[in-house]
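Data block below; observations after.
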Amino acid sequence: MNSTNSQYCFRESLICLVANQSKYVLIHRLRDIEACLNAQSNKLYHMGIRAHVARSTLAEANEKRDWRIYADFAQSLIQTARRLYADEDLGLELDNTVYALDATTIDLCLSVFPWAQFRQTKAAVKLHTLLDLRGNIPSFIHISDGKLHDVNVLDLLLPEPGAFYVMDRGYTDFERLYQLQQEAAFFVIRAKSNLQFRRIYSHPVDKNTGLRCDQTGMLTGFYTSKHYPDRLRRIKYYDAETDKRLVFLTNNLSIPALTITELYRYRWQVELFFKWIKQHLRIKSFFGTSENAVKTQVWIAVSVYVLVAIIKKRLNIQTSLYSILQILSLTIFETTPLNQLLTRCDQAMKNDIFSNQLNLFD
C-alpha cells in the first residue's frame with residue numbers, strides 16, 4: 001500500500017473517531033461530520049486534512065473509493081500490533097500462538113441494503129474473525145453475506161503450524177479439521193451430542209478440578225471415520241459455575257487436559273471483541289448503503305480498534321481501550337501530544353484511588 005493511500009486511511013480513521021459519537025441516521029450523520037470538521041477548520045492541518053471536507057465528498061468516497069484500501073491499511077496495523085503483543089502472557093504454560101475463530105452477524109434493513117439479502121425479509125452481513133488471544137488482535141477478517149456458513153471460512157485460512165485454533169460447535173467439519181491436522185496445527189472444539197467415538201485409552205484425571213474424563217480414541221461414524229482417520233482426544237468437563245457438562249475434542253494428545261478447558265474458556269474473548277466494535281464503534285448503523293460503503297466502514301472500525309490497541313501498548317497505559325477511545329473522541333482536535341494527554345489521564349485515574357473525598361461508609 002503506497003503512502004498516499006496510507007494517509008487517506010489514517011485520516012479517515014481519525015474522522016471515524018469524530019463520527020463515533022453521532023447517533024443520527026445516514027444523511028444527518030454525514031452532515032454532522034461535515035459541520036463538526038468545518039467548526040474545527042483551524043485545527044485540521046495537523047490531522048492531515050488540508051482542504052474543506054464536504055458531505056458530498058464523504059458520500060462519493062463511500063461509493064467509489066475501494067474498500068480494499070482500508071483492508072490493506074488495517075492489515076498493516078494488525079502486523080504492527082501483533083508484534084507489540086507477541087510476548088503477552090495468557091496465564092497458560094503455552095508458547096504456542098492461540099487463535100479464537102468465530103463470526104458475528106450484523107443485521108441490515110433489506111429495503112435499504114438489497115445486495116445483502118439473508119432471509120426472505122431480512123438482510124445481513126457476517127464478520128468472520130480469527131482473533132490472536134495474545135492482545136486480542138484480529139489476525140484474519142472476512143466480511144461475507146449472511147448466507148455463508150461459518151465452517152466455510154476454514155477453507156480461507158492458512159493454518160500456522162503449532163498454533164491452536166479454538167472454535168465452537170458450528171465449525172465441526174472433520175474433513176476440514178483433518179486439514180488442520182495435516183498442516184501440523186492444533187484445534188480445540190466443542191463436540192456435538194451425537195458424536196460417534198470409540199475409546200482406546202483413558203488417562204487419569206483429578207475430578208476435583210471439574211474434569212470427568214480424558215480419553216484418546218477414534219471416530220466411528222461412517223463418514224467421520226473416513227474424513228478424520230487419525231486419533232482424537234475427548235475431554236469431558238463439568239463447569240460448576242454454569243452447571244454445564246462440556247465435551248471437547250482436540251488433536252493435541254500431550255498438553256494437560258485442564259489446559260484444553262482453559263483454552264476454550266479464552267474463546268470468549270472473540271465475543272467481547274465483537275461486542276466492543278459493535279457498541280463503541282457503532283458498526284450497526286452505516287454512513288452509506290452500498291456494499292463498498294459497508295465494507296469500508298467495517299474496515300475503518302477495525303483500524304480504529306487496532307490503532308487504540310497500539311497506542312495503549314506503546315505508551316504502556318493501564319487505562320482500558322474503551323477509555324482511551326473516549327478520550328481520543330473528545331480531544332482529537334487538540335494539539336496536545338498523545339503521550340502527554342493519555343499519560344495525564346491515566347495518572348489521574350490512578351490518583352482517584354487516594355482521593356481525599358469523605359468516605360461515609362468507613
Atom pair CZ (R234) and CD1 (I200), whose distance is rounded to the nearest 0.5 Å
11.5 Å

With sequence neighbours excluded, residues passing side chain to side chain donor-acceptor pair (under 3.5 Å) with H142:
none

Check the hydrophobic clustering (I, L, V, M, F, W, Y; side-chain heavy atoms under 4.5 Å; chains of links allowed) and say if V112 and L110 are grouped together.
no

ILVMFWY network linking W67 to L108, side-chain heavy atoms under 4.5 angstrom:
yes

Is the Lys NZ or Arg CZ of K275 less than 6.0 Å from the centre of F273's six-membered ring, within 45° of the axis?
no

Is the backbone N or O of P138 less than 3.5 Å from a side-chain atom of T129, with the two atoms forming a donor-acceptor pair by type?
no

Does T80 use its side chain to pair, donor to acceptor, with the backbone of S76 at less than 3.5 Å?
yes

Tabulate below the donor-acceptor pairs under 3.5 Å that side-chain atoms of residues 155-166 make, not counting sequence neighbours, or state none.
unit_1: D155; atom_1: OD1; unit_2: R176; atom_2: NE; d: 2.9
unit_1: D155; atom_1: OD2; unit_2: R176; atom_2: NE; d: 3.2
unit_1: D155; atom_1: OD2; unit_2: R176; atom_2: NH2; d: 2.9
unit_1: E160; atom_1: OE1; unit_2: Y99; atom_2: OH; d: 2.5
unit_1: E160; atom_1: OE2; unit_2: T97; atom_2: OG1; d: 3.4
unit_1: Y165; atom_1: OH; unit_2: E160; atom_2: N; d: 2.8

Test L127 against I141 for side chain to side chain contact (heavy atoms under 4.5 Å, CB included), laying out the working first.
CA-CA 7 Å; L127 184 61; I141 289 178; 3.4 Å; yes

Distance, nearest 0.5 Å, that separates CG of L195 from NZ of K192:
10.0 Å

Quick check: does any side chain N or O of Q117 sit under 3.5 Å from a backbone N or O of K122, one acting as donor and the other as acceptor?
no

Just checking, any donor-acceptor pair under 3.5 angstrom between side chains of N136 and Y85?
no

Side-chain heavy-atom pair M167, L154 within 4.5 angstrom cut-off
yes

If I take atom NZ from residue K313 and atom CD1 from residue I310, how far apart are they, to the nearest 0.5 angstrom?
12.5 Å

Please determine whether side chain to side chain contact (heavy atoms under 4.5 Å, CB included) holds for the pair F186 and L180, giving the CA-CA distance in whole Å, both sets of side-chain angles, and the decisive distance to 0.1 Å.
CA-CA 7 Å; F186 302 115; L180 292 178; over 6 Å; no

Side chain to side chain contact (heavy atoms under 4.5 Å, CB included) between E271 and T104: does it pass, once the steps are laid out?
CA-CA 8 Å; E271 303 287 353; T104 187; over 6 Å; no

Straight-line distance of T259 OG1 to E93 CD, nearest 0.5 Å
7.0 Å

Is the backbone of G217 close enough, under 3.5 Å, to the side chain of R231 for a donor and an acceptor to pair up by distance?
no

Within the side chain of W115, is there an N or O that forms a donor-acceptor pair under 3.5 Å with the backbone of T289?
yes

Is there a donor in the side chain of E63 and an acceptor in the side chain of N292, or the other way round, less than 3.5 Å apart?
no

Verify whether one side chain among S254 and N252 offers a donor that lies under 3.5 Å from an acceptor in the other.
yes

Under-4.0 Å salt bridge between R265 and E262:
yes

May I have the step-by-step check of side chain to side chain contact (heavy atoms under 4.5 Å, CB included) for L133 and L90, ending in yes or no?
CA-CA 8 Å; L133 295 182; L90 281 177; 3.9 Å; yes

With the side chain counted from C-beta on, respond yes when I255 and I260 share a heavy-atom pair under 4.5 Å apart, and no when they do not.
yes

Would you check, one step at a time, whether the test side chain to side chain donor-acceptor pair (under 3.5 Å) holds for Y178 with N251?
CA-CA 9 Å; Y178 191 60; N251 62 333; over 6 Å; no

Donor + acceptor pair across side chains of K312, T319 (<3.5 Å):
no

Residue pair F113 / V125, side-chain heavy-atom distance below 4.5 Å:
no

For the hydrophobic clusters of this structure (ILVMFWY residues joined by side-chain heavy atoms under 4.5 Å, transitively), does one cluster hold both V188 and V270?
yes

Are there over 12 heavy-atom neighbours, none belonging to D87, within less than 6.0 Å of that residue's CG?
no

Does a side-chain heavy-atom distance below 4.5 Å link W299 with I69?
no

Let me check something: do L130 and I137 share a hydrophobic cluster, defined by ILVMFWY side-chain heavy atoms less than 4.5 Å apart, either directly or through other members?
no

Salt bridge or not for D150 and K126, using N-O below 4.0 Å?
yes

Determine whether E34 and V53 make a side-chain contact, defined as any pair of heavy atoms from C-beta on separated by less than 4.5 Å.
no

Are any side-chain N or O atoms of R212 and backbone N or O atoms of K207, one a donor and one an acceptor, separated by less than 3.5 Å?
yes

Let me check something: do F274 and W268 share a hydrophobic cluster, defined by ILVMFWY side-chain heavy atoms less than 4.5 Å apart, either directly or through other members?
no

Would you say the side chain of F197 lies within less than 4.5 Å of the side chain of V247, judging by non-hydrogen atoms?
no

Look up atom NE2 in H149 and atom OG in S144, then write down how far apart they are to the nearest 0.5 Å.
11.5 Å

How long is the span from the CG atom in L263 to the CG atom in L92, to the nearest 0.5 Å?
5.5 Å

Assess whether a salt bridge exists between D132 and R82, defined as any Lys/Arg side-chain N lying under 4.0 Å from an Asp/Glu carboxylate O.
yes

Taking side chain as C-beta onward, heavy atoms only, is I311 less than 4.5 Å from L328?
yes

When the ring centroid of Y305 is compared with that of W276, is the distance short of 6.0 Å?
yes

Okay, side chain of T250, backbone of F187: is any donor-acceptor separation there less than 3.5 Å?
yes

Got a sec, which residues hit ring pair (Phe, Tyr, Trp, His ring centres under 6.0 Å) with H227, two or more places apart in sequence or on another chain?
none

Please examine the side chains of D239 and R245, heavy atoms only from C-beta on, and report whether any two atoms are closer than 4.5 Å.
no

